[in-house]
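Heads up: the structure comes next, in structure tokens.
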There are 2 protein chains.
Amino acid sequence: MVTIYDVARQAGVSAATVSRVLNGHVRVDPALAERVTDAVEQLGYRRNAVARNLRTSQTTLWAVIVSDVENPFFTSMVRGIEDVALSAGYSVVLCNSDENPEKESNYIAAALAERMAGVIISPSSNRVDDVELLLRADCPVVVIDRELSGQSTDTVLVDNEHGAELGTAHLVEQGFRRIACIGGPRWLSTATQRLDGYGKALRAAGRPVDPALIRHADFRERGGYEAMASLLDDNADAPPDAVFAANNLMTIGAMECLVQRGIAVPSEVAIVGFDAIPWADLIRPTLTTVAQPTYEVGRRAAQLLAKRLTSPDAEPTRVVLPTALQVRASSRRDG
Amino acid sequence: MVTIYDVARQAGVSAATVSRVLNGHVRVDPALAERVTDAVEQLGYRRNAVARNLRTSQTTLWAVIVSDVENPFFTSMVRGIEDVALSAGYSVVLCNSDENPEKESNYIAAALAERMAGVIISPSSNRVDDVELLLRADCPVVVIDRELSGQSTDTVLVDNEHGAELGTAHLVEQGFRRIACIGGPRWLSTATQRLDGYGKALRAAGRPVDPALIRHADFRERGGYEAMASLLDDNADAPPDAVFAANNLMTIGAMECLVQRGIAVPSEVAIVGFDAIPWADLIRPTLTTVAQPTYEVGRRAAQLLAKRLTSPDAEPTRVVLPTALQVRASSRRDG
DNA sequence: CGTGTCTGTGCAATCGATTTCTCGACCTCG
DNA sequence: CGAGGTCGAGAAATCGATTGCACAGACACG
């Protein structure tokens, strides 16, 4: 590997001068500068970021730790992050924690060890430990999608409770009587808030909240499928006539269960999901969803991180973005 | 930040000993070792990977550069890579080149500068330049999904030509007469091979290959949509009665176009896509696809990279995985 | 008891860049 | 003509870990 000293020798200057030319902060004699750039060219020199990072103790890498790379919600968000990061001169590396606290700790340790410039994370657990580790090490952190109890960090969320309320209220208005809910893991703020919204809408309509109609699953397709199956099996005598699913993949899973059992949607069981589903238009019936501004979530998170890097001591910001109900066929009372 | 010297002072030993305890290659007096681990614990020391990387000139990070994070094909593959990487002691960071050669160069430069241990890449262009850069810098590379002309590197592909042939032949057998093709970018081996397979199947059935029925798009949803629209508009007098789409997102786009124009699938236009589509069962009609073993592609690529790291001078391996036709409703001649 | 071997620890060099400090060359002005 | 100031380049310290080398002490053996 060719180093800055090789370049210096070739150009007949000192390594310090090469560094100065490369970084351009300081004035250098144009004649020397040219000799340096020529030498760089000739030798195919590429700066060793590891050495530079060690000396300057900073890097240009952002770690984005998401809990499921296969969930379109996160990939779309990543695009939002990337667009901001690149224009601010940073590169984004994506880490998949797979909703697994151990993997998550691993990646946080790596981000810390590699002294990455900042981290954007959707924490898998509400164990504050890991994120606190980052904070204690003075590593700028932005939390997305999920709220951490008892921590004040920059955070970007969507209005989960209101969104869930909208979706559920819509089912109430359509005249459905037994509205079930497939919620997410109990320990995720995202999940509990959506469950709260569901309950709030029912109470507002003077309806009881029946625990027999509530399931908790894992925010994945398989979990949604199983929750739906359990809702149907356990309420065989008085099955739900509608279901609100608390995220996109579980909505899909629930649909799959209904389709497989030959239950008509929406005439026998209506369905509303939280978060957009790619190519929702091709799914029959088309799915009513509570849409989140996923790309925007990423963009805002990246902006917060960029700002924190320039002013580390500013007060933490909490951004809450709105959701919007998009009514399609799966929730229409037809007949 | 607490360094190895702080730990050494606290434990009353030298930094060298701390390093030896931490790495465990060499025997150290158990009593000292305990004092060191205690000190590490007390001070909350975390090793600075940057310094270590500089000294040892190696890291434990793999860069995976994919051309579209939003394409489920790649995310599923990443899971395969991750599972192997983690068990081999490496961490995976994902970079999204967005099918954009400039972004790709950027990430390659970053991988090189950060001296990452290895790179797995699906190159956006067939410009060999970038990948060659990696090879010249002795950075182990595995190419996936796409073939690079004139380079011998470890490569993992699927049998694109055969898969496309299967898909097209299936349409021929079903009795469709005017079978169109929505191909990918001309410069991607993946795309040309699939186009070749399409042509081969037609010729094998004694059919002409009609350029008017072939479009090239960009492997994205929008591109598939536009290609389908153009196929319909430009052949208004003799429209295609079937279409073979060369990747998953374009299949979706083509479907969307057909749905939007009220064209019945498969009775008016049948469709076969390449590569699986998530929740294909919920799309009506269900989609016939040529399935690729995406997870396995990732797994094999990771295995090749792991092997290359241990034996850098072995001959490059080229793995070609099989595809399989999965017939569903969108290609059935009904009536 | 002296010599040789072995074990385990510390010292100091090293990785490759950045940056402070120092110094020489040149310029300006009284 | 000399003091003071400016500018730019080189020498050397530095970031934090790893590791080759030297050496101290323990032990065995003749």
Side-chain angles (χ1 to χ4, degrees), chain A residues 1-37 39-40 43-61 109-117 137-139, chain B residues 1-37 39-40 43-61 109-117 137-139:
Chain A
M1 214 61 240
V2 26
T3 77
I4 204 172
Y5 291 98
D6 301 325
V7 174
R9 195 174 326 117
Q10 168 98 1
V13 298
S14 75
T17 300
V18 176
S19 173
R20 283 190 270 256
V21 171
L22 259 35
N23 292 299
H25 306 312
V26 202
R27 281 196 48 74
V28 175
D29 181 343
L32 289 195
E34 200 185 323
R35 266 157 53 198
V36 170
T37 47
V40 166
L43 299 175
Y45 167 79
R46 341 202 90 238
R47 174 197 273 141
N48 183 330
V50 177
R52 157 179 254 215
N53 294 346
L54 176 59
R55 181 61 231 246
T56 61
S57 52
Q58 54 177 333
T59 67
T60 59
L61 245 41
L112 229 38
E114 301 285 343
R115 299 295 192 267
M116 300 215 181
D138 272 327
C139 177
Chain B
M1 213 62 239
V2 26
T3 76
I4 203 171
Y5 292 98
D6 301 325
V7 175
R9 195 174 327 117
Q10 168 98 2
V13 298
S14 76
T17 301
V18 177
S19 173
R20 284 191 269 255
V21 172
L22 258 36
N23 293 299
H25 306 311
V26 202
R27 280 194 49 73
V28 175
D29 181 343
L32 288 196
E34 198 185 324
R35 266 157 53 198
V36 169
T37 47
V40 165
L43 300 175
Y45 167 79
R46 340 204 90 237
R47 175 197 273 141
N48 183 332
V50 177
R52 157 178 253 212
N53 294 345
L54 176 60
R55 181 60 230 249
T56 61
S57 52
Q58 54 176 333
T59 67
T60 59
L61 244 42
L112 229 38
E114 302 285 343
R115 299 294 192 267
M116 299 214 181
D138 272 327
C139 177

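Because only heavy atoms are used, hydrogens play no part in the values below, and waters and symmetry mates are left out as well, while side chains stay in. Chain naming here is simple, since letters A, B, ... match the order of the sequence lines and numbering starts at 1 in each.
How far CZ of B:Arg115 is from OG1 of B:Thr59: 10.0 Å, rounded to the nearest 0.5 Å. Note that the CG atom of A:Leu112 and the SG atom of A:Cys139 stand 6.0 Å from one another [nearest 0.5 Å].
In the model, A:Glu114 has a side-chain atom that pairs as donor or acceptor with a side-chain atom of B:Asn53 under 3.5 Å.
Across every non-hydrogen atom of B:Ala8 and B:Ala15, the tightest pair is CB-N, 3.6 Å. For B:Val28 against B:Arg20, the heavy-atom pair with the smallest separation is CG2-CB, 3.9 Å.
In terms of phosphate contacts, B:Asn53 brings no side-chain nitrogen or oxygen within less than 4.0 Å of OP1 or OP2 of D:dA17.
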Using the 3.5 Å cut-off, write out each protein N or O paired with an N or O of nucleotides 21-28 of chain D and the distance between them.
none

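Taking the side chain as every heavy atom from C-beta outward, A:Val7 and A:Gln10 never approach each other to under 4.5 Å. Using a 4.5 Å heavy-atom threshold, the side chains of A:Leu22 and A:Val40 count as touching.
Nucleic acid contact class of A:Leu22 (heavy atoms, under 4.0 Å, all strands): none. Residue contacts for B:Val28: at a heavy-atom cut-off of 4.0 Å it reaches the sugar-phosphate backbone alone, with no base atom in range.
Chain A approaches DNA chain C over the interval C:dG16 to C:dT20, counting the first and last nucleotide 5' to 3' with an atom under 4.0 Å from its heavy atoms.
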Return a table of donor-acceptor pairs under 3.5 angstrom between the side chains of residues 43-51 of chain B and protein atoms on other chains or two or more places apart.
from: B:Arg47; atom 1: NH2; to: B:Asn23; atom 2: OD1; distance (Å): 2.8
from: B:Asn48; atom 1: OD1; to: B:Val50; atom 2: N; distance (Å): 2.8
from: B:Asn48; atom 1: OD1; to: B:Ala51; atom 2: N; distance (Å): 3.2

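Residues in residues 24-37 of chain A take part in no side chain to side chain donor-acceptor pair (under 3.5 Å) pair, two or more places apart or across chains.
Among residues two or more places apart in sequence or in another chain, the side chain to side chain donor-acceptor pair (under 3.5 Å) test is passed with A:Thr60 by none.
Residues from residues 3-19 of chain B placing a heavy atom under 4.0 Å of any atom in DNA chain C, listed by number, are B:Val13, B:Ser14, B:Ala16, B:Thr17.
Comparing B:Asn23 and A:Arg55, the nucleotide of DNA chain D nearest to each residue sits closer to the 5' end for A:Arg55.
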